[in-house]
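Just follow the structure's listing: the first ligand is 1, and inside any ligand the first atom is 1. If you're wondering where the values come from, they're calculated on a predicted model, not measured in any experiment.
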Amino acid sequence: MAQNPQTAEPSRPGEFDLIADYFAPLASRPGAFGLLDDAACLPARPGTDVVVTKDSLAANVHFLATDPPDLIARKALRVNLSDLAAKGAEPFAYFLSLALPPDWTEAWIADFTRGLREDQEMYGIDLYGGDTLKSPGGLVVSITAVGHLPTGTMVTRLGGRSDDLLFVTGTIGDAALGLKVHTGDPKVAEWHLAASQQAELRDRYLLPRPRVALCEAVRAHASAAMDVSDGLLGDLGKLCRASGLGAVLQSDRVPFSAPVASAIESGGAALDLALDGGDDYEVLLAIPPGRQADFEADAAKVGISTTRIGSLTKFAPGVSVIDAGGETVPMRSRSFEHF
Ligand code: ADP
Ligand code: MG
């Protein structure tokens, strides 16, 4: 790699060339002004509300600095799309703040922006702006995503009612176990998984599948919803607190993929890890009992599997976990916290 003899830094574009060569091509909508202006101008759509969310990913906290750049980019985008989906919002724009470590390379940026382009095409969204800065402490990717929905229809965490049925999309725990595979944790050996199963779990960690297609069904049927990012048990606790309710979760109903199910069977604390490990990016919903059939049908129509895992209760806030026989299961239940 070419080195600049004065600074011993790799030869690479300056900030403005970086924006012009790599980010402007991702920002082709009129309101983005080719990233040549101070700010973007998002078109207002009559009859809609704008839903905005922001999530940041830091190297060696949310991903490994050595992870493939295109996957880091797509993960950073997708964790935000997951938040929008859980609110029932259709994504259309995003803003990117990129704090680059001292040793960044142009090849890394090229891969990173290729990942963004792939997901822009997949989800029909566009870049409208951002910020680029130097970060001596390591890479931080921060994305703000913008979605819209019909005025007054955003689904909150606060709207749950007692006796609402709790549903979750997809499967739970894959990414939490996948992270252990990814980092080479010795615990993985206790799960006795085939190499292909380990690869499946690792893939779920590296590339979340946000349930964007569910957003209409969320709006149509859910009284409350949130995305599951910090562990199912802890996140359900947050929904309960916001709605002023408790919940009963039936551990035998939680949907697990084949690799997670066999890891749990082999012991090794995989159940705790699956239920509070995080990085699932599934949607947790409270559905009024009368809407169950319509919700399930609408989710099936967009190809998203949903599972009823329990219900909201009026008893004291908090989540109790019961097994198939109705016996209380003691759980570690702790949501991921940075501090
Ligand atoms: P200002 O100093 O006025 O904030 P900048 O020079 O930082 O403007 O940015 C110029 C333009 O480039 C702006 O439109 C900004 O949104 C865009 N921009 C800068 N960095 C990025 C990035 N990482 N991704 C997308 N757009 C960016
Ligand atoms: Mg700026």
Next item on the list: Provide the number and element of each atom of ligand 1 under 4.0 Å from a heavy atom of Asp38.
Entry: 3 (O)
Notebook entry, point to check: Taking both backbone and side-chain atoms of Leu36, is any N or O found less than 3.5 Å from an N or O belonging to ligand 1?
Noted result: no
Next item on the list: Show your reasoning for whether side-chain contact (heavy atoms from CB on, under 4.5 Å) applies to Leu96 and Leu26.
Entry: CA-CA 11 Å; Leu96 167 70; Leu26 298 172; over 6 Å; no
Margin query: As a quick check of understanding, evaluate ring-ring contact (aromatic ring centres under 6.0 Å, His included) for Phe295 and Phe167, giving each step before the final call.
Written below: CA-CA 10 Å; Phe295 167 68; Phe167 277 84; 5.2 Å; yes
Item checked: For Leu96, atoms of ligand 1 separated by under 4.0 Å from a heavy atom -> 22 (C), 23 (N), 24 (N)
Next item on the list: Check Leu35 against ligand 1 and report side chain, backbone, both or neither, counting heavy atoms closer than 4.0 Å.
Entry: both
Item checked: Among Asp119, Asp83, Asp55, the one residue meeting side chain to side chain donor-acceptor pair (under 3.5 Å) with Arg78 -> Asp119
Margin query: Is there a polar contact between ligand 1 and Thr132, counting only N or O atoms under 3.5 Å apart?
Written below: yes
Notebook entry, point to check: What atoms of ligand 1 come within less than 4.0 Å of a heavy atom belonging to Leu127?
Noted result: 25 (C)
Margin query: Holding to salt bridge (charged side-chain N to carboxylate O under 4.0 Å, His left out), I want the full list of residues that pass it with Arg114, two or more places apart in sequence or in another chain.
Written below: Asp70, Asp111, Glu118
Next item on the list: Applying side-chain contact (heavy atoms from CB on, under 4.5 Å), run through Lys75 and Leu57 and close with a yes or a no.
Entry: CA-CA 9 Å; Lys75 182 170 186 176; Leu57 303 187; 3.8 Å; yes
Check: Judged by non-hydrogen atoms, does Phe16 sit under 4.0 Å from ligand 1?
Finding: yes
Checklist line | Ligand-side contact atoms (ligand 1) for residue partner Asp37, heavy atom cut-off under 4.0 Å | finding: 11 (C), 13 (C), 14 (O)
Note to self: Is it the case that the side chains of His62 and Asp279 hold a donor-acceptor pair, with the cut-off being a distance below 3.5 Å and no angle test?
What the structure shows: no
